[in-house]
Q: 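Quick one: the structure is below, and I'll ask about it shortly.
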Amino acid sequence: KNQVEQSPQSLIILEGKNCTLQCNYTVSPFSNLRWYKQDTGRGPVSLTIMTFSENTKSNGRYTATLDADTKQSSLHITASQLSDSASYICVVSVGRVSGTYKYIFGTGTRLKVLA
Amino acid sequence: GAVVSQHPSWVICKSGTSVKIECRSLDFQATTMFWYRQFPKQSLMLMATSNEGSKATYEQGVEKDKFLINHASLTLSTLTVTSAHPEDSSFYICSARTSGGHEQYFGPGTRLTVT
């Protein structure tokens, strides 16, 4: 069964601190992995996308890593800001026989940054 | 580019009535649109996939007669929740994808409250 699990479920950190969110997946066939940020009451916004051959991808203060052997990914947030408070969703894209792709969503990590 | 809008952003309706939610791709042609539902503190759950000009494909457990999807043009898909009940109260998010594309672009979501 295709699954994407994230940890921790929720996290509280102080402004300026760093944090790392984890994503483990059991998906086949793997196409790519994305990290999204979802503000409360809004749709998800893409942060990074990585294919099988990519180990790391950065977007400003966000750095994602991918270990395709262990099927793990992480999202590291550097020097957190209050505006980083949101849910972060790991999404793995699965290839289909038809040639299309399906997104498998993780359960998300709710991050709260305190002043 | 790749902007997806939803209308309305929030709606309150009485139990037993129907409500229509629109999803528009503003600056690209979306051959495929996806409808998701998200309950509080949970991740997105795919309800159905719609391709322009053809019938939508519903995920297991989603009632096609209750959630009517129309994708009549390359820029517009609608989701109609018929005979809404309080348990249908949720956050509904659409996404759109171009022909042959892998990326899904998400709308901002519609908050439905059924009283």
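Naming: A, B, ... by sequence-line order, numbering from 1 per chain. The figures that follow rest on heavy atoms only: side chains count, while hydrogens, waters and symmetry mates do not.
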Q: Taking side chain as everything from C-beta outward and backbone as N, CA, C, O, which of these in A:Q6 sits under 4.5 Å from a heavy atom of chain B? Side chain, backbone, both or neither.
A: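 Nothing of A:Q6, per the 4.5 Å heavy-atom cut-off to chain B.
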Q: For B:E59, is there an ion pair with B:R37 - N to carboxylate O distance below 4.0 angstrom?
A: no
Q: Between A:S58 and A:T63, is any side-chain donor less than 3.5 angstrom from a side-chain acceptor?
A: yes
Q: What part of B:Q38 lies closer than 4.5 angstrom to a heavy atom of chain A: side chain, backbone, both or neither?
A: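 Only the side chain of B:Q38 comes within 4.5 Å of chain A.
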Q: Heavy-atom distance under 4.5 Å to chain A: side chain of B:L44, backbone, both or neither?
A: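 It is both, since atoms from each part get that close.
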Q: Answer yes if the side chains of A:N32 and A:T51 hold a donor-acceptor pair under 3.5 Å, and no otherwise.
A: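 Side-chain D/A pair, A:N32 to A:T51: absent.
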Q: Would you say that B:L112 contacts B:C13 through its side chain, given a criterion of any heavy-atom pair below 4.5 Å between the two side chains?
A: yes
Q: Any idea how A:Y36 and B:F106 line up, ring-wise: parallel (<30°), tilted (30 to 60°), or perpendicular (>60°)?
A: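 Geometry flag for B:F106 against A:Y36: perpendicular rings.
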Q: Looking at B:K41, B:Q42, B:R111, which has the largest count of heavy-atom pairs under 4.5 Å with chain A?
A: B:K41
Q: Looking at chain B, which one of A:S46, A:G108, A:P44, A:G106 has the largest number of heavy-atom pairs inside 4.5 Å, strictly under?
A: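 Looking at each of A:S46, A:G108, A:P44, A:G106 in turn, A:P44 comes out on top.
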Q: Side chain from CB out, backbone as N, CA, C, O: work out which of these in A:R110 comes under 4.5 Å of a heavy atom of chain B, or both, or neither.
A: side chain
